[in-house]
There are 2 protein chains.
Amino acid sequence: MTNQTALPHDHEHCIDSALTLARELCTERAVKLTPIREKVLEIVWRSHKPVGAYDVLDTLARSHKAARPPTVYRALDFLMAEGLIHKIESLNAYLGCGEAGHAHESQFLICRTCGTAEEIVDGALDAALDAATKRSGFAVERKVVEIAGKCRRCQMA
Amino acid sequence: MTNQTALPHDHEHCIDSALTLARELCTERAVKLTPIREKVLEIVWRSHKPVGAYDVLDTLARSHKAARPPTVYRALDFLMAEGLIHKIESLNAYLGCGEAGHAHESQFLICRTCGTAEEIVDGALDAALDAATKRSGFAVERKVVEIAGKCRRCQMA
DNA sequence: TATCGGTTGTTATGTTGTATCATCGCCCGA
DNA sequence: TCGGGCGATGATACAACATAACAACCGATA
Ligand SMILES: [Zn+2]
Ligand SMILES: [Zn+2]
Ligand SMILES: [Zn+2]
Ligand SMILES: [Zn+2]
């Protein structure tokens, strides 16, 4: 499954699925998906566009007056550590992970026109990355692959 | 040529070469490598580690008291537009380009131990990127490929 | 019940990047 | 030679992104 960014779809269903899966995974792992963390995950998932931490904060603050930057960053850090969201480095923004629960290396296609980002998981591409780093004798810890441009939909219009 | 980050070398020579090439390219292109821009390029090149804009500012201010954040960001923007430096998105930092003057798509190997970053140009990897995006019908404008980990040298130690 | 560790509250600050408008200096055309 | 246009720089302020440090809370468990 990849984010259905280019097609109309029942996004409430996306969100529900993501939250349900997150609850299951956190239970399995014996880590706590607290109300704040769950709410932040929901806020991130409400958009298929990567969302900035301060936008999350604005939304969170509507239901949680005590929310401050650390509140949000702690929740985001937890969700990243659990593989439930990703940070898009080139945007300083965060996106729900469409592959939570599976080990995966993903790449992102970021549309500069409509702002959506699609997470793709391309094995051949990842293999090419590994080959390149192996050649340099480099021990990989984290891969950031973010491709900006124009999505198919925006090219049409 | 790639950055010789892993090996001792005459780094003054690196810097001189980069500056000389930059002057030639800017002359060819009829754009102005002003004293500020050239100084910023030199500051970036003085390190094989990506350097933050405010670090550049601190250094620049030693010889140019009027320097302010916009001074530096304008110079960095110019140098990026001319392909003389790259921004490392995952570090919010800047690195001299080892392939200036050649059209190229590059990737970065960033060592978390020693802080150096190496620019590599891997055609097979880039082709895999293009294949992946083509499959999605995505029109690429910019590719960010940044791999963090441990360089060969730091693995030994 | 005492304590321990993880979560959250709270305040402040650090870091990175832009907006806006004024000024300067050079080139070129009248 | 004058003066307009334009790109570059000066200068001030602010926006956006992120973390430090310590206090308070709260549930689990010994
Ligand atoms: Zn993912
Ligand atoms: Zn689009
Ligand atoms: Zn380059
Ligand atoms: Zn290293």
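The analysis underlying the following values was restricted to heavy atoms, covering all of them including side chains, and did not include hydrogens, waters or symmetry mates.
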S.K.: Looking at A/I88, A/V145, A/L91, A/V144, which hits side chain to side chain contact (heavy atoms under 4.5 Å, CB included) with A/F108?
M.R.: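 Single pass found, and it is A/I88.
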
S.K.: Scan for side chain to side chain donor-acceptor pair (under 3.5 Å) pairs involving residues 124-140 of chain B, sequence neighbours excluded, and state none if there are none.
M.R.: A/D122-B/R135, B/D126-B/K143, B/D130-B/K143

S.K.: Measure from CZ on B/F78 to P on C/dG17 and round the result to the nearest Å.
M.R.: 20 Å

S.K.: Round to a whole Å and report the spacing from CG of B/L33 to C1' of D/dT9.
M.R.: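 Between C1' of D/dT9 and CG of B/L33: 15 Å.
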
S.K.: Given atom CG of B/L60 and atom C1' of D/dG10, what is their separation to the nearest angstrom?
M.R.: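 Answer to the nearest Å: 13 Å.
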
S.K.: Report the distance from atom NZ of A/K65 to atom P of C/dT10, rounded to the nearest whole Å.
M.R.: 12 Å

S.K.: What class does the angle between the rings of A/H48 and A/H9 fall in, given that below 30° is parallel, 30 to 60° is tilted and above 60° is perpendicular?
M.R.: tilted

S.K.: Can you confirm whether or not the ring centre of A/H13 sits under 6.0 Å from the ring centre of A/H11?
M.R.: no

S.K.: Is any side-chain nitrogen or oxygen of B/H64 closer than 4.0 Å to OP1 or OP2 of D/dT9?
M.R.: no

S.K.: Please state how far atom CG in A/L57 lies from atom C1' in D/dA16, giving the value in whole angstrom units.
M.R.: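 From A/L57 CG to D/dA16 C1': 12 Å.
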
S.K.: So, does A/R68 get its side chain near the phosphate of C/dA12, meaning an N or O under 4.0 Å from OP1 or OP2?
M.R.: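 A/R68 to C/dA12 OP1/OP2: no side-chain N or O under 4.0 Å.
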
S.K.: Output yes when A/E89 and A/R142 qualify as a salt bridge under the 4.0 Å nitrogen-oxygen rule, no when they do not.
M.R.: yes

S.K.: Going 5' to 3' along nucleotides 17-30 of chain D, which nucleotides have protein heavy atoms under 4.0 Å from the base (write B), which only from the sugar-phosphate (write S), and which from neither (write -)?
M.R.: BBBBB---------

S.K.: What is the distance, to the nearest angstrom, from the CD1 atom on B/I36 to the C1' atom on C/dC24?
M.R.: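 Rounding to the nearest Å, CD1 of B/I36 and C1' of C/dC24 are 12 Å apart.
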
S.K.: Within this structure, what is the CG-to-P distance between B/L76 and D/dT9, rounded to whole angstrom?
M.R.: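 Result: 12 Å.
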
S.K.: Could you list the residues that satisfy ring pair (Phe, Tyr, Trp, His ring centres under 6.0 Å) with A/H64, not counting sequence neighbours?
M.R.: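 For A/H64 there are no ring pair (Phe, Tyr, Trp, His ring centres under 6.0 Å) partners, ignoring immediate neighbours.
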
